[in-house]
Amino acid sequence: MTEFRYELLAQDGKARLGRIHTAHGVIDTPTFMPVGTAATVKGMLPENVADTGAQILLGNTYHLMLRPGAERIARLGGLHKFMNWDKPILTDSGGYQVMSLAKLRKITEEGVTFKSHIDGRKFNLTPERSMEIQHLLGSTITMAFDECTPFPATEKQAAESMRMSMRWAKRSKDAFVEREGYALYGIQQGSVFENLRRESSEKLAELDLPGHSVGGLAVGEGQQIMFDTLDFCVDMLPANKPRYLMGVGKPSDLVGAVMRGIDQFDCVLPTRSGRNAQAFTHRGTLNLKNGRHRDDDRPLDDQCNCPACTKYSRAYLHHLIKAGEILGAVLLTWHNLAYYQDLMRGMREAIAEGRMEAFARDFHAGQEGGDI
Ligand SMILES: CNc1nc2cc(C(N)=O)ccc2[nH]1
């Protein structure tokens, strides 16, 4: 069996090239994790997600506990078998989505009670139940049960929220079933307050966990405040363990966060915007709904080798979108995932060669290049 471990392979400024070894395979970092909310990356066959270069997916505890249910997935062999993905899966704890999706939520020290946004059934989510659900799913990387502190928050509100999350982190660790090659990550909170981020990091250090995430960001604070917070909070986490920034982000977020020491990312943007006709390219983003594409026989992105870019024209993609054809959403999702993986691979190569600053400059120049 493989023990869970992080290898730091190279550093360029704060940017890190690394490798995470898990029971389900290796993850080259910095890495982007496509979101597979309801046991599927929407519109994609798992083999095609793997072909884009993705080495790990994110699964959502909240959605899967409501439908089809964690016990049912366990009876059917676990989430990897259920969705035909044999590489690593990181599952979130459910806490964030309960707050953003569920109805009639009630938070106490014990945990959260809520009603399903699907059928109104009542549920209870505690650190212990979240660990049980993620274990039933067979998650490679389990996230501690926490509260994502809303933004903005006063220092007092952020302190109270963070301290509850740190108590829940201890309960999560106590309930987590240790398995070789599997890991529990702690989540740093503290909003934008340096002292609270430090207190959170010190509390997490006592638990000696194999990885950590920076929580409480990408919650409406904007890119500059996110970067300003990362400037001090990432270094508070152990350098010999992976650092995951939750819910991030658009391409320029990824470049800026890698340069501040982040190793793992997840975001619905490439898949959700692909279904909404938005394409990320090396020369900026464009929306295929726009009529200017109707006669354009150029490829979407001449630096991309995904099927959308090598087999079809912008005019065809525009036609599919205007006609509401499923293939339009499939091809743009496929492209956006391929673009995100190309971006991560480019950053890994740049860090390995000590040219991350130049990579970032070229990235921004390309994005503002115009005439896409
Ligand atoms: C999309 N933004 C985002 N921020 C997040 C924060 C957390 C968190 N646990 O603090 C989890 C998921 C998140 N997604």
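In what follows, every heavy atom counts, from backbone to side chain, and hydrogens, waters and symmetry copies are set aside. First listed ligand is number 1; within each ligand, the first listed atom is number 1.
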* Centre of Phe359's six-membered ring, under 6.0 Å away, within 45 degrees of the axis: is that where NZ or CZ of Arg355 sits? ->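 Arg355 over Phe359 ring: no.
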
* Gln188 versus Ser201, side-chain donor and acceptor atoms under 3.5 Å ->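 Yes, Gln188 and Ser201 have a side-chain donor paired with an acceptor closer than 3.5 Å.
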
* Asked: Quick one: side-chain contact (heavy atoms from CB on, under 4.5 Å) partners of Arg260, sequence neighbours excluded?
  ->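 With sequence neighbours excluded, Arg260 shows a side-chain contact (heavy atoms from CB on, under 4.5 Å) to Phe227, Leu230, Asp231, given in chain and number order.
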
* Listed by chain and number, what are the side chain to side chain donor-acceptor pair (under 3.5 Å) partners of Ser252, not counting sequence neighbours? -> Gln223

* To do: Look at the side chain of Asn290 and the backbone N and O of Arg292, then say whether any donor-acceptor pair between them is shorter than 3.5 Å.
  =>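 Yes.
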
* To do: Could you name the protein residues that come within less than 4.0 Å of ligand 1, counting only heavy atoms, and order them by chain and residue number?
  => Tyr96, Asp146, Cys148, Gln189, Gly215, Gly216, Leu217, Ala218, Val219, Met246, Gly247

Using atom types as modelled, flag every donor-acceptor pair under 3.5 Å from a side chain in residues 50-60 to any protein atom, sequence neighbours excluded.
| from | atom 1 | to | atom 2 | distance (Å) |
| --- | --- | --- | --- | --- |
| Thr52 | OG1 | Val49 | O | 2.6 |
| Gln55 | OE1 | Asp28 | N | 2.7 |
| Gln55 | NE2 | Asp28 | OD2 | 3.0 |
| Asn60 | OD1 | Thr37 | OG1 | 2.9 |
| Asn60 | ND2 | Asp92 | OD2 | 2.7 |
| Asn60 | ND2 | Gln97 | OE1 | 3.3 |

